[in-house]
Each structure stands twice: as C-alpha cells, then as structure tokens.
Amino acid sequence: MKTGFAAVIGRPNVGKSTLLNQMIGTKVSITSPRPNTTRLGIRGILHRPDAQVVFVDTPGIHRPRSPLGTRLNATAAGSVRDVEVVLAIVDATAAVGPGDRRVLTQALDALGGRDDPSGLLVVVNKVDRARPAQTLHRLNEAQAALEQLAADGHGPAAQEAAEFFPVSATTGRGVPALVEAVVARLEEGPAYYPEDMVSDLPEAVRVAELVREQLLAHCREELPHSIACRVTEWEGPVIRCEILVERESQKAIVIGKGGEVLKAAGIAVREQLEPGVHLDLFVRVESRWQQRPEALDRLGY
Ligand code: GDP
Ligand code: MG
C-alpha cells in the first residue's frame with residue numbers, strides 16, 4: 001500500500017483544520033472562526049485499502065506577538081520538513097497577500113531541494129463562498145505568486161511541479177480529487193498506524209481541545225488567545241478539565257452570568273463524548289501563561 005505524510009499549512013483561518021477533518025471523514029481537529037485555534041501539530045490518519053495517509057494539521061503561519069506565537073510558527077515550519085506532500089491552503093475569498101507568500105515560500109524551500117520536488121499541492125479553499133470568476137482569479141494569483149517566488153530562488157523545481165485544487169472544506173466539493181492527488185504522490189511502504197486509529201492525540205488532549213473549541217464558540221472576541229485547557233484528572237467516568245485564563249475579568253467571562261457559558265460549553269462537549277462521562281470544568285487564573293516557557297511546556301505547545 002501507499003503510505004506517507006502530508007502537512008496542511010496556511011495562514012490562520014483559511015480552513016486547514018476543517019479540510020483535515022473533511023479529508024479524514026471524522027472530526028480530528030477543532031475549528032473556529034477565530035484565528036490561531038490550532039496549537040498542536042495534530043495528526044489525522046486516512047485509512048484506505050490501497051493507502052494510508054497521515055495528515056498533519058498545523059497552527060496558522062503568522063507574525064508572532066508572544067512566545068506562544070513563536071512556538072506555533074515553529075510547529076508549522078517543522079511539520080513541512082518531515083513530509084512527502086505539502087498542502088498549502090489559500091482562501092478563495094481573500095486576495096493572495098504577504099501572509100500567503102510566507103506560507104508558499106516555506107513549502108517551496110522545504111520541497112525544492114529534494115530529488116523528487118513534486119510534493120506541493122496548492123489548495124484554494126472556501127469556493128462555496130466565492131463566485132467562479134473569483135476562484136479562477138485566486139488560482140491565477142496563487143500561480144503568479146509561486147512563479148515570482150521561484151524566480152527569486154525559492155524551489156524552482158517544486159514550483160514547476162505544483163498542482164492547483166479549488167475545494168470547499170465544508171461541503172467537500174473538490175476534496176476527493178485532492179485526496180487522490182495526495183495518494184498519487186506517495187510511495188509503497190508499510191502502514192504507520194493501526195487501522196482503528198484516526199488521530200495521534202491522546203484522549204485527554206482531545207477532550208481538552210473539545211472544551212477549548214466550545215469556549216471559543218461561546219466567548220467574546222478578546223479571549224481566545226488567553227484560554228488554555230488541560231485535563232488534570234481522569235478517573236473512571238470522571239474527567240476534570242482545567243481552563244486557564246490570564247486575568248480575573250476573563251474568568252468571569254468564561255464562567256458567564258450564573259455559570260451559563262461554562263454550562264453550555266460542558267453540555268456541547270459531553271455530547272461528543274461517550275455516554276455516562278462526567279465532565280468537571282474548573283477555571284483558574286494564571287497571569288501571562290502565554291509568555292512563560294514553563295507554562296507552554298506544561299500545556300504541550
Ligand atoms: P484554520 O485556522 O486554518 O485551521 O481554519 P478552521 O478550519 O478553524 O476554519 C476557520 C473558519 O473558516 C471556520 O469558521 C470554518 O468553519 C470556516 N471554513 C473553513 N473551510 C471553509 C469552507 O470551505 N467554506 C466556508 N464557507 N467556510 C469554511
Ligand atoms: Mg486550525
């Protein structure tokens with residue numbers, strides 16, 4: 001069977017995690033309309049009779065403003081070096097800009113020097129929200145950006161071999177063709193993961209991620225970066241999950257009036273867990289955790 005790794009990279013919010021989930025057919029990675037939702041290099045595994053593809057979701061590549069941001073970029077950059085295929089995602093509804101060029105540069109640099117430089121697939125996502133002319137324009141912009149980067153010395157061979165895919169990660173349109181293109185670029189080899197494994201996330205981390213996803217969905221704009229979640233105890237059906245925030249005022253927002261935010265988040269998470277699970281959510285203030293390396297280590301970022 002054909003086996004190998006494929007990294008999904010792109011600016012924050014272009015739909016990387018949504019696309020990963022769509023390609024695998026299961027919710028492996030949490031998503032949200034807020035940028036910088038993904039913090040871990042999450043692996044999602046696609047199993048087919050003829051192939052096993054290990055997709056690697058990555059944090060959005062952005063201009064870092066904190067030690068956390070620097071670590072997120074390093075996670076994304078590292079994932080590109082160790083894979084056979086790179087899916088570079090751009091948004092059909094937004095012009096190809098400097099952020100996208102930074103993403104394409106990383107892909108070209110990583111693939112360009114290889115014996116086989118043919119691993120770059122450029123994906124124009126969210127075509128369900130774009131007119132056909134807009135999608136076409138975006139494909140042209142992406143191609144022009146790649147040619148310019150190659151002319152500047154970034155992986156000319158990888159640019160020559162690049163292919164382009166318009167898709168919608170939410171509706172699934174165009175995704176099967178993209179998956180076929182990924183599989184076509186892999187070599188014969190032994191499977192990396194057992195067939196029943198769709199993600200490499202430990203169960204406790206998955207639960208903590210689900211909690212964070214719900215808090216992002218329920219809380220106000222300024223909070224997302226300040227929230228971190230960690231399962232601190234798991235005994236039988238009882239899971240205790242700690243929610244870190246940076247200030248007392250944020251603690252009040254996460255809890256909500258009469259506890260309503262925390263309650264709604266808990267209900268939404270429990271619906272995604274095995275029946276009978278008892279989920280305890282606790283909010284704790286830890287000032288400036290985003291700035292502190294030992295806090296980032298403890299949280300696994
Ligand atoms: P990431 O930061 O690149 O991982 O982006 P996410 O996967 O978290 O998605 C960011 C936002 O874009 C979410 O609100 C998604 O629902 C939305 N989104 C992702 N893909 C599509 C798509 O194909 N079409 C539309 N309309 N929205 C999408
Ligand atoms: Mg993501």
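All ligand and atom numbering here is 1-based and tracks the order in the structure. Source: prediction; values computed, not measured.
- Hydrophobic clustering (ILVMFWY, side-chain heavy atoms < 4.5 Å, transitive): Val83 and Leu104 are in one cluster.
- Checked against a 3.5 angstrom limit, the closest N/O atoms of Ala169 and ligand 1 fall inside it.
- Two different hydrophobic clusters hold Val211 and Leu40 under the rule that ILVMFWY side chains link at heavy-atom gaps under 4.5 Å.
- The two residues Ala162 and Leu146 come nearest to each other via the heavy atoms CB-CD1, 3.8 Å.
- Of all heavy-atom pairs spanning Thr135 and Ala92, the tightest one is OG1-CB, 4.4 Å.
- Closest protein heavy atom to atom 22 (C) of ligand 1: Thr170 OG1, 3.3 Å.
- Interface atoms of ligand 1 facing Val14, defined by a heavy-atom separation under 4.0 Å, are 3 (O).
- In this structure, CG in Asp91 is found 8.5 Å from CG in Asp100, a value given to the nearest 0.5 Å.
- Of all heavy-atom pairs between Ala208 and Cys241, the closest is CA-SG, 4.3 Å.
- Aromatic ring orientation, Tyr301 versus Trp289: tilted (interplanar angle from 30° to 60°).
- Closest approach of Gln291 and Ser66 over heavy atoms only: NE2-CB, 4.0 Å.
- At a heavy-atom cutoff of 4.0 Å, ligand 1 is contacted by the side chain of Arg129 but not by its backbone.
- For the pair Val85/Val53, no side-chain contact is recorded, criterion being any heavy-atom separation below 4.5 Å from C-beta on.
- At least one N or O atom of Gly15, backbone or side chain, sits closer than 3.5 Å to an N or O atom of ligand 1.
- Proximity annotation for atom 1 (P) of ligand 1: of Arg11, Gln22, Arg34, Lys16, Lys16 comes nearest, heavy atoms only.
- Gln22 is not listed as a side-chain neighbour of Thr170, based on a closest heavy-atom distance of 4.5 Å or more.
- Around the Mg ion (ligand 2), the protein contributes the following N, O or S atoms at distances under 2.8 Å: Ser17 OG, Thr38 OG1.
- Listed by number with element, the atoms of ligand 1 under 4.0 angstrom from any heavy atom of Asn13 are 1 (P), 2 (O), 3 (O), 5 (O), 10 (C).
- Under a 4.0 Å heavy-atom criterion, Asn125 is in contact with ligand 1.
- No salt bridge links Glu260 with Lys263; every basic N to acidic carboxylate O contact stays at or beyond 4.0 Å.
- Residue contacts with ligand 1 for Pro35 are absent, since no atom lies close enough (heavy atoms, distance under 4.0 Å).
- Closest protein heavy atom to atom 19 (C) of ligand 1: Thr18 OG1, 3.5 Å.
- Legend: residues meeting salt bridge (Lys or Arg N to Asp or Glu O under 4.0 Å) with Asp57, ordered by chain and number and at least two apart, are absent.
- For atom 14 (O) of ligand 1, the candidate residues are Pro12, Ser17, Ala92, Pro33; the nearest heavy-atom contact is made by Pro33.
- Atom 12 (O) of ligand 1 has as its closest protein heavy atom Lys126 NZ, 3.2 Å.
- Under the 3.5 Å distance criterion, with hydrogens and angles disregarded, no donor-acceptor pair is assigned to the side chains of Thr232 and Glu242.
- In the candidate list Asp57, Val167, Asp128, Val123, Asp128 is nearest to atom 25 (C) of ligand 1, counting heavy atoms.
- Each of the following atoms of ligand 1 lies closer than 4.0 Å to a heavy atom of Ser32: 8 (O), 9 (O), 10 (C), 11 (C), 13 (C), 14 (O).
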